[in-house]
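Data block below; observations after.
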Amino acid sequence: MTNGKSIGDTLLRVDDVSVSFGAVAALTDVSFEIREREILAIIGPNGAGKTTMLNVLNGVYQPDHGTMTFNDRTYTRMRPSEAAEHGIARTFQNVALFRGMTTLDNIFTGRTLKMKSNLFMQAIYWGPAQKVEREHRQAVERIIDFLEIEEIRKVPVGRLPYGLQKRVELGRALAAEPKLLLLDEPMAGMNLEEKEDMCRFILDVNEEFGTTIALIEHDMGVVMDISDRVVVLDYGRKIADGHPDVVRQDSAVIDAYLGVAHDAA
Amino acid sequence: MLYREAGQFKTSYDADMAIFPIAQDRWGMIAIVVIAVVIIPLFTSDYIMGSLMIPFLIWGLSAIGLNILTGYAGQLSLGHGGFMAVGGFAAYNLAVRVPEIPILGTFIIAGLIAAAVGVVFGLPSLRIKGFYLAVTTLAAQFFIEWVFANFPWFTGGTMSMTLDTPSMVVFGYAIESTRDHYLLTLGIVLVLTLAAKNMVRSQLGRAWMAIRDMDVAAEVIGIRPLRTKLTAFAVSSFYAGVAGALYAFAFLKSLDITAYDLFRSFLVLFMIIIGGLGSILGSFLGAAFIILLPIFINVVAHNFSDQIKPDFITNAELMIFGGLIIFFLIVEPFGLARLWMTAKEKLRLWPFPH
């Protein structure tokens, strides 16, 4: 799977990040790193803090303490729009598309930060504004081709089946040409065929664009197949980190998933 | 001619992103503009131009303004009448106090002043959403009405309730007849409608719709919520301000704060709900429904005035109007514009089932 791919230096490092909601500690002193061009899977039982971790990475939640170092710059807090400016894009567990808009427009919104055009030029729709729209339309069409969704280009996404909505959401994240792509359960609720398609797209994105990907997934088959490294969370703590084959043998991980046999007193 | 796309191949993104990508739509628009610019002024009476077309166009413009804010950007507002009042009073004061500015410039500045006021009252929208935002914009409506009713400076130092607007001169041509007023209104409405259509189909419009549909996801993409919402408030209030100025100068020919009361805010909201949220065409359809339909029912009902008692007719008009509102909202809750789109989609395939 990973043949011919060179995993580079650390792209993002998380140091001692803790998040709590009231008395509930969602994450406790979690540290790990994401390296350039790798596919990192974050796994763990329900309520382990996986989605909270992604929300911290792109600024939806602020950590109580701890830092993130992205591209050699250290942050304690980051707003979601700042994360987007630094090149972090993501998808959501429950599809968060703009339902009233077409597939084309949804993917177009992903290019927001790349498009520079002022209000008056857009009102006239002439000269620079039209040129900007045309150039970015080409970029959007490349993504539409890549994800094989040409025929639903002008369909409002609210009318699309779930699997295709997930694919459009991936397209919207890709449109930003991110350095780091965060995928929150990209294959949840899909049938086998849709899962295989999605795996193929994720691997293609990683190989063709060299995009670093961090994903949360419950399907262990998928995780073991496509990821280069796995981070395991349980009750907000990191319990394992390493190559899929190593993590699979780890006793703490097996305990977390299967439960620990307590000695009967 | 059948409404078909067959044989129209788009060979460039420009062609696909044109304002009316389908040829039949283009011809339809040209026909409507020709009728509005040539046929109506040449062949219809002052009554049709002055009492039907001018208010229809002005309320259509105002409805576009509210549709940008509520239909596209998803921010509910009940202060639209207030922002129209700002435009009307700003234009009056500019025209009276600084008569050197040409009247078109006066309208634009009045719109900008309304936009500035709209931005101020749009600030709470970052924290407040939905019905609660509607209540804060209601405060804008009451506050603006109160200011203009209680500070005589805005009404030229007199305590008179109604003021005549000064006469208008456009590029050396005095606007006097009803036809002149109609053409001036039509020109401004056409330009601003085109601008609105362009805004909603480019990056700005997509940002507005993204905020409306899913604000968290929009922020994650890099759309700044406050800036996007305030732009919507500014553009919306600009349209309200110009419409308010036109309402005073081209239709009422007088300035009176009661012409911009809360009832008008509701009226514009009804227009965009019945016409279609998030549709420029819907703004005009809604304005036609609210402004022209009662007049039409009235005219039809009076044909029966020798057979039925007049007080019954007056009540029947209101009942028929109310009944039609309910009928159209049941048939298509997303408004007349959606009804029109569905009809077009069916027409593309008609008479074949698939």
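Convention: sequence-line order gives letters A, B, ...; per-chain numbering from 1. Just so we're clear, the structure is a prediction, and the values are computed from it rather than from any experiment.
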Chain A heavy atoms under 4.5 Å from [X]: which part of the residue, side chain, backbone, both or neither?
| X | result |
| --- | --- |
| B:Ala196 | neither |
| B:Val191 | neither |
| B:Ala210 | both |
| B:Thr231 | side chain |

Residues, nucleotides or ligands: over 12 heavy atoms within 6.0 Å of [X] [atom1]:
| X | atom1 | result |
| --- | --- | --- |
| B:Lys344 | NZ | yes |
| B:Lys10 | NZ | yes |
| A:Lys131 | NZ | no |
| A:Asp145 | CG | yes |
| A:Phe21 | CZ | yes |
| B:Arg227 | CZ | no |
| A:Phe32 | CZ | yes |

inquiry  = Tell me which of these, A:Arg90, A:His136, A:Glu169, A:Gln130, has more heavy-atom pairs under 4.5 Å with chain B than the rest.
reply    = A:Gln130
task = Could you pull out the closest heavy-atom pair between B:Ile221 and A:Thr112, with the gap in Å?
result = CG2-OG1, 3.8 Å
key: Heavy-atom pair of closest approach, residues B:Ala217 and A:Ala96   = CB-O, 3.4 Å
When heavy-atom pairs shorter than 4.5 Å are enumerated against chain A, which of [options] gives the highest number?
| options | answer |
| --- | --- |
| B:Ile19, B:Leu192, B:Asp14, B:Ile211 | B:Asp14 |
| B:Met209, B:Arg201, B:Arg212 | B:Arg201 |
| B:Val235, B:Ile223, B:Asp16, B:Val216 | B:Asp16 |

task = Check the pair B:Arg206 / A:Phe108 against side chain to side chain contact (heavy atoms under 4.5 Å, CB included), numbers first and verdict last.
result = CA-CA 8 Å; B:Arg206 286 191 295 268; A:Phe108 240 120; 3.3 Å; yes
ask   = Is A:Arg134 close enough and on-axis enough to B:Tyr13, meaning under 6.0 Å and within 45°, for cation-pi?
value = no
inquiry  = What part of A:Val140 gets within 4.5 angstrom of chain B, counting heavy atoms only: side chain, backbone, both, or neither?
reply    = neither
key: Part of A:Asn58 within contact of chain B (heavy atom distance under 4.5 Å)   = side chain
Can you tell me how far [atom2] of [Y] sits from [atom1] of [X], rounded to the nearest 0.5 angstrom?
| X | Y | atom1 | atom2 | result |
| --- | --- | --- | --- | --- |
| A:Thr109 | B:Asp213 | OG1 | CG | 10.0 Å |
| B:Met214 | A:Met101 | CE | CE | 12.0 Å |
| B:Glu219 | A:Arg79 | CD | CZ | 7.0 Å |

A:Glu82/B:Arg224 salt bridge by N-O under 4.0 Å criterion = no
task = Classify the side-chain pair B:Ser202/A:Glu133 by whether it contains a donor and acceptor separated by less than 3.5 Å.
result = no
